[in-house]
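Chain identifiers are assigned alphabetically (A, B, ...) following the order of the sequence lines, protein sequences preceding nucleic acid strands; residue numbering begins at 1 within each chain.
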Amino acid sequence: MGVQIKDIVPIQESSLEQLQGKIIAIDAMNTLYQFLSIIRQSDGTPLKDSKGRITSHLSGLFYRTSNLIEKGIRPVFIFDGEPPELKSKTIETRRTLRAEAEKARKKALKEGKEKEALKYAQRSARLTEEMSGESKTLLDAMGVPWIQAPEEGEAQAARLTQNEDSWAAGSQDFDSLLFGAPRLLRNLTITGKRKLPGKDVYKEIVPEVISLEKLSEEQEITREQLIAIGILVGTDYNPGIKGIGPKRALKLVQEHGTISDILEAEEDLEFEVDPIEIEEIFLEPNVTDDYEVSWSEPNPDAIKEFLCEEHDFSESRINTGIERLEKGASKRSQESLEKWV
DNA sequence: CCTAGTTA
DNA sequence: TAACTAGGG
């Protein structure tokens, strides 16, 4: 879910053209989960191969990534490691919600309520260890780099961006800002249309850039204060305070300062988790500088072996994807030649 | 989500 | 050429 601070964040609309040549550290879990939940038939059934294994995540990953590469955008995918101990409660809650959604899905399907079934199927989507592994295999074959984070992927993506090894952290969630990412990129999609939740209306979607510096300037808060806002409204590590949304949290923070100042001033605030511990996770996340980021030529045989032979993808569609990857690779070598002129 | 074919 | 739709695995 991530921290809900959208209402106080300044958003700059961007475009795929503006992202040309830029490296984006993409939150792999966030992206794969989105594919898994959205790429489904009208009754909620995900794409599957002939052995019944789910392939929605592979479809989304392959087609979107080859498009980005063709456009000269350089994705590096960041995979989650072991979650921090404080996240276990959230993980447990999510597990329960998924199980309930799965029950509701089956019921709706039995009653012939297709739309209901789809809604609950999307809520019950679960990204497995195996799916992450398959995604890494595919990225390797495509010549696209990925990094295994020691803990949170969002934190590692933030670190790459701080290190200027990436231009932005790519995710739909805002957490990477709290982890210190100077720039966050949302809505990195190709077709630029998305169905509004619940309704049958399609809305135009464009990439959005959020600058941490601009956010700090506009709201007159530091990163520590942004973290305090997160803790007040709720993070993956705590439920937040009832009745406090981003606007009220912002006021509290502007009035008092960081989370420890707020604790002193507002003694009646009750936290289920020690706020100082949460602040520590965001300020000093477990990340590594031991990584490599480089793109290479795609391996068509490996891609076809994996997607077509193993998972029953259509060879002609995969071929156009491979062409896009190759086009991107030649674009890169052209650019590196030009650097030496 | 994205592709590819259809339609106006 | 854009808007729409069915189907992908």
Base C/dG9 paired with A/Glu310 side chain (donor-acceptor, <3.5 Å) | no
Heavy atoms under 4.0 Å, any strand shown: does A/Ser314 hit a base, just sugar-phosphate, or nothing?
-> sugar-phosphate
A/Asp261 and A/His256: side chain donor to acceptor below 3.5 Å = no
Roughly how many Å is it from CG in A/Leu61 to C1' in B/dC2, rounded to a whole number?
-> 12 Å
Gap between atoms CD and P, on A/Glu70 and B/dC2 respectively (whole Å) = 14 Å
Between P of B/dC1 and NE2 of A/His57, the distance in whole Å = 18 Å
Give the rounded distance in Å between these two atoms: CD1 of A/Ile322 and P of B/dC2.
-> 19 Å
Tell me: CD of A/Gln41 to C1' of B/dC1, nearest whole Å?
-> 14 Å
side-chain contact (heavy atoms from CB on, under 4.5 Å) filter on A/Gln41, not counting sequence neighbours, yields A/Asp43, A/Thr45
Secondary structure string for DNA chain B (Watson-Crick or G-U under 3.5 angstrom, | for other-strand pairs) | ||||||||
Look at A/Arg53 together with A/Glu310 and state whether they make a salt bridge at an N to O cut-off of under 4.0 Å.
-> yes
Side chains of residues 142-149 of chain A: which donor-acceptor partners sit under 3.5 Å, not counting sequence neighbours?
from: A/Trp146; atom 1: NE1; to: A/Asp140; atom 2: OD1; distance (Å): 2.9
from: A/Gln148; atom 1: OE1; to: A/Lys136; atom 2: NZ; distance (Å): 2.6
from: A/Gln148; atom 1: NE2; to: A/Asp80; atom 2: O; distance (Å): 2.8

Between A/Thr161 and A/Ser166, do the side chains contain an N or O donor and an N or O acceptor separated by less than 3.5 Å?
-> yes
Determine the minimum heavy-atom distance between A/Gln20 and A/Lys71, stating which atoms define it.
-> CG-O, 3.0 Å
Letter by letter from the 5' end, nucleotides 3-8 of chain B scores (B base, S sugar-phosphate only, - none; protein heavy atoms under 4.0 Å) BS----
Kindly state each residue pair satisfying side chain to side chain donor-acceptor pair (under 3.5 Å) with at least one member in residues 325-334 of chain A, sequence neighbours excluded.
-> A/Glu70-A/Lys327
What is the distance from CZ of A/Phe62 to P of B/dC1, rounded to the nearest Å?
-> 19 Å
Take atom CZ of A/Phe313 and atom P of C/dG7, then tell me their distance rounded to the nearest Å.
-> 18 Å
How would you list all residue pairs meeting side chain to side chain donor-acceptor pair (under 3.5 Å) that involve residues 275-290 of chain A, not counting sequence neighbours?
-> A/Arg159-A/Asp289, A/Asn163-A/Asp289
For A/Asp49 and C/dG7, what is the distance between atoms CG and P respectively, to the nearest whole Å?
-> 20 Å
Check whether any side-chain N or O of A/Ser56 sits under 3.5 Å from a backbone N or O of A/Pro46 as a donor-acceptor pair, and report yes or no.
-> no
